[in-house]
Every structure is written in structure tokens, then in C-alpha cells.
Amino acid sequence: MIRRLAGMAAAMVIGTTPLVAEPQATGSVVEGLWINPTSSVAVRTGACNDHLCGWIVWADRGAAADARSGGVASLVGTELLVDYAARGDGSWAGTVFVPDMGRRFSSTLVPLGRNAMRVKGCVVGGLLCKAQVWQRIEHLPHE
């Protein structure tokens, strides 16, 4: 997953300025427990000050090894989604940390109903974009 997220992150510099809206109430559709498309990393999102953040709460061995190659000794506990602010259109704008690259990129989160959200990023002022759809989960996976 981290390797695939790295490919996505290579395209994660968004050339737009976030439009900050009032933070959404606790229980927002983007708060909860999410898993990436390859089921290798689970992230818990929630309030952090007046923004939304997300921390890695589970990772498979491959994702942990990829993160170590990027300089992240312990993947679980790493803040992956940093300071996302609600925008007026229901999306969120913030920064994603890509552990196997050791870099941060601008990104957006877009809820796709209650059980899915798109994590998207772009480079070169929005000319190249990549996205992943993360699914809501009830319980952490078991390796």
C-alpha cells in the first residue's frame, strides 16, 4: 500500500488554495476508521483542534517495511492526514504524509456517501492528479 500510496503521492501537490469553512461537527462523515484500497493500512480520522486529522492505527508487514525504507521507524501512530479544513462544498483540504517517501503533499478528501471517501492529490497546478478511494471499516484487520 505504501508503495502504491507513494505513486499516488508523486502526484499529490495540489495547486489550489483551500477555502476554509467552519469545521464540521464531531461525527462528520469523514470521521472514523478507514482502510486503503490494498487493505494494507488502516487510518482513524478525527478532530484535531479545529481541523480533521488521521493516524495510522494498523499496517501490514509490507507497508511497515516500506515506511522504514522512507525513514519512519514505526508506522502505527504516524499522523498521515494533517490539518484538513472543511470547505464549503463538503470536501476537506489538508496535507497528507507519505511515509515511504518521508514527504508531505497537499491533498483533498471528498466523502462518497458514509462508507467511502476519495483521497486525491495533484502536481503541477492540478495538471496531473491521482486518487484513491478508502472504505470505512468497523474493525481493524488481522494479519
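Everything numeric in this text was worked out from a predicted model, so none of it was measured. The residues of the chain are indexed from 1 along the displayed sequence.
Between the NE2 atom of H51 and the CG atom of L81 there is a distance of 13.5 Å, given to the nearest 0.5 Å. Note that CD of E79 is 10.5 Å distant from CZ of F97, once rounded to the nearest 0.5 Å. Taking CD1 from I56 and OG1 from T78, the interatomic distance works out to 5.0 Å, rounded to the nearest 0.5 Å. Distance CG/L109 to CZ/R118: 10.0 Å, rounded to 0.5 Å. Summarising the geometry, atom OG belonging to S107 is positioned 2.0 Å from atom OH belonging to Y84; distances are rounded to the nearest 0.5 Å. Between the CH2 atom in W134 and the CG atom in L112 there is a gap of 13.0 Å [rounded to 0.5 Å].
Looking at every heavy atom in both residues, R68 comes nearest to A73 through CG-O, 3.8 Å. Across all non-hydrogen atoms, the minimal contact from P111 to G90 is CD-O, 3.3 Å. Of all heavy-atom pairs between P37 and V133, the closest is CG-O, 3.4 Å. Here the shortest heavy-atom pairing between D83 and C48 reads OD1-SG, 4.2 Å.
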Please determine whether side-chain contact (heavy atoms from CB on, under 4.5 Å) holds for the pair V98 and F105, giving the CA-CA distance in whole Å, both sets of side-chain angles, and the decisive distance to 0.1 Å. CA-CA 8 Å; V98 181; F105 299 92; 3.8 Å; yes
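The backbone N or O of E31 sits less than 3.5 Å from a side-chain atom of R136, completing a donor-acceptor pair. With hydrogens and angles disregarded, a donor-acceptor distance shorter than 3.5 Å links the side chain of D89 to the backbone of S91. A donor-acceptor pair is defined here as one N or O able to donate and one able to accept, closer than 3.5 Å; no such pair exists between the side chain of S39 and the backbone of I35.
Screening V110, T45, V29 for a side chain to side chain contact (heavy atoms under 4.5 Å, CB included) with M117, the sole residue that qualifies is T45.
Contact annotation: the side chain of I137 never approaches that of W34 to less than 4.5 Å [non-hydrogen atoms, C-beta and beyond]. Counting heavy atoms from C-beta on, the side chains of L80 and W55 never come closer than 4.5 Å. Looking at heavy atoms from C-beta onward, V30 lies in side-chain contact with W92 at the 4.5 angstrom threshold.
No chain of hydrophobic side-chain contacts below 4.5 Å, direct or via other Ile, Leu, Val, Met, Phe, Trp or Tyr residues, connects V43 to V82.
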